[in-house]
There are 2 protein chains.
Amino acid sequence: MKYSASKEDYLKAIYHLQEGQSVVTTNALAAALQAKPASITDMLKKLKKEKLLNYERYKGFRLNNEGKKVAVHIIRKHRLWEYFLVNKLQFGWDEVHEIAEELEHLSSKKLVDQLDAFLEYPATDPHGDPIPDSQGRFIQERQVSLLDYPLNKMAKVSGVASQTKEMLDLLQHKNIQIGTRLEVKRKFPFDNSLELKIRNQPTITVSELVAKNVMVKDE
Amino acid sequence: MKYSASKEDYLKAIYHLQEGQSVVTTNALAAALQAKPASITDMLKKLKKEKLLNYERYKGFRLNNEGKKVAVHIIRKHRLWEYFLVNKLQFGWDEVHEIAEELEHLSSKKLVDQLDAFLEYPATDPHGDPIPDSQGRFIQERQVSLLDYPLNKMAKVSGVASQTKEMLDLLQHKNIQIGTRLEVKRKFPFDNSLELKIRNQPTITVSELVAKNVMVKDE
DNA sequence: ATTTATTTTTAGATTTGCCTAAAAATATAT
DNA sequence: ATATATTTTTAGGCAAATCTAAAAATAAAT
Ligand SMILES: [Mn+2]
Ligand SMILES: [Mn+2]
Ligand SMILES: [Mn+2]
Ligand SMILES: [Mn+2]
């Protein structure tokens with residue numbers, strides 16, 4: 001089946017929203033897609049008719065297996081193209097999202113798989129998010145927010161929860177990127193800000209909001 | 001300005017059709033785009049309102065300078081992506097056209113220019129057609145049909161006039177591609193077929209129709 | 001110069017994806 | 001439990017891009 005770019009964006013957004021949540025609401029999706037709730041309801045009816053999600057009016061909705069499969073495939077394409085843009089075309093990690101937002105809708109199956117091979121089957125995209133394989137399988141790394149990480153223990157930055165341009169800009173400025181190794185040296189309960197140490201660099205401070213959105217793994 | 005994929009396809013098709021012709025007709029464009037004449041008329045009104053072409057009802061039409069500029073930029077993207085697909089992603093030259101037909105509509109200026117740099121500024125696409133530079137300049141090679149080429153003179157295949165999948169398939173089978181060096185050994189006036197010799201390969205025969213569509217240059 | 005054929009345009013519909021404004025259902029607060 | 005607020009859906013419309021069928025203009029043939 002081939003779906004419109006718009007439908008694919010809906011499926012992708014629902015997929016992300018339903019992580020954790022038991023059910024996704026019309027308003028939440030409207031906010032995520034920057035659209036009006038009435039438009040969401042319209043599209044939900046179509047997606048339901050196409051058997052991509054479960055939906056009863058006024059009761060929220062959730063992708064079924066078929067919907068999830070499609071969503072994961074879009075996510076695979078999005079992340080592969082982001083990897084391509086950063087690692088082959090010299091883009092910064094903070095400027096690839098919008099372009100990948102278009103590239104993810106290309107429909108050729110062979111294109112994606114050849115791209116994957118050309119890139120040598122990367123495991124994660126430039127933001128640290130895992131790239132599903134052609135079967136849709138991927139490991140969801142158990143990563144934890146820097147805010148909850150113990151003091152004086154080496155951590156490796158593995159992802160960024162909020163991927164706005166502003167956030168990525170700020171991290172770039174503070175020399176934090178995917179793979180950066182750092183330790184939390186101090187936590188200030190007053191404002192929940194943190195002091196971080198990266199080897200060979202002066203100590204830096206990040207706010208609670210930043211720390212919450214930086215995901216790390218051990219080591 | 002940003003134009004819809006549909007409008008870009010119209011501009012590109014008109015650009016190709018108006019080569020030679022003094023004016024393009026509604027039916028010719030309908031045939032090229034596989035659409036109904038009524039749809040063409042609708043779109044012509046819109047493109048005229050956007051000042052991309054000259055059009056008076058019942059009198060045919062032609063791109064103006066602005067329309068040509070847009071068309072050439074789409075063609076640049078189309079050919080760069082074809083080059084990428086063949087030379088980086090291992091596609092055959094006969095399977096890239098449809099995919100490039102989608103890729104050519106990506107709007108990021110930086111994407112095209114970085115791709116161009118990554119590919120090291122190729123001069124021609126996999127079918128031998130010249131790739132315009134970022135200013136829209138390109139050399140239209142003076143190439144001649146193999147049908148009109150003299151006997152026993154070394155020629156280099158530089159392009160293919162008819163780029164249907166069937167034609168490209170046939171050339172592939174006969175081991176003819178862009179850059180292939182060959183000589184015309186004999187012409188049979190009965191059916192205008194040709195006998196060709198490629199070094200280290202047995203002599204082959206091509207029909208008048210094939211020869212007419214194979215473009216060559218000296219050397 | 002008429003008639004006939006062809007080309008092109010208009011008129012009116014359809015589909016997709018979005019919107020605003022109003023109505024209906026559900027949730028919250030008193 | 002009732003009133004109030006919030007969420008969600010419906011009703012009706014709009015713009016883009018296409019189509020079919022009919023009308024109008026142009027071209028070709030007698
Ligand atoms: Mn998208
Ligand atoms: Mn990403
Ligand atoms: Mn196209
Ligand atoms: Mn080409």
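No experiment lies behind these values; they were computed from the predicted model shown.
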Kindly assign one of parallel, tilted or perpendicular to the pair W93(B) and H127(B), based on the angle between their ring planes and the thresholds 30° and 60°. parallel

Protein-nucleotide distance ([X], atom [atom1]; [N], atom [atom2]), rounded to Å:
{"X": "L44(A)", "N": "dC18(C)", "atom1": "CG", "atom2": "C1'", "value": "14 Å"}
{"X": "I40(B)", "N": "dT10(C)", "atom1": "CD1", "atom2": "C1'", "value": "16 Å"}
{"X": "L33(A)", "N": "dT8(D)", "atom1": "CG", "atom2": "C1'", "value": "16 Å"}

Whether N27(A) contacts dT8(D) is assessed here as follows: a side-chain N or O lying under 4.0 Å from the phosphate OP1 or OP2. Is that the case? yes

Reckon T41(A) has a side-chain N or O less than 4.0 Å from the OP1 or OP2 of dT10(D)? no

Above 12 or not: heavy atoms from other molecules or residues under 6.0 Å from CD of E19(A)? yes

Establish, from distance only, whether the side-chain atoms of D125(A) and H78(A) form a donor-acceptor pair under 3.5 Å. no

Looking only at side chains, do N27(B) and T25(B) share a donor and an acceptor under 3.5 Å apart? no

Which part of the nucleic acid, if any, lies within contact of Y55(A), taking any heavy atom under 4.0 Å across all strands shown: a base, the sugar-phosphate backbone alone, or nothing? sugar-phosphate

Reading nucleotides 16-26 of chain D from the 5' end, what letters show protein touch, with B for base, S for backbone sugar-phosphate only, - for no heavy atom under 4.0 Å? -BBBBB--BSS

Close side-chain approach of I99(A) and W81(A), heavy atoms under 4.5 Å: no

May I ask you to check whether F84(B) and F84(A) place their ring centres under 6.0 Å from each other? yes

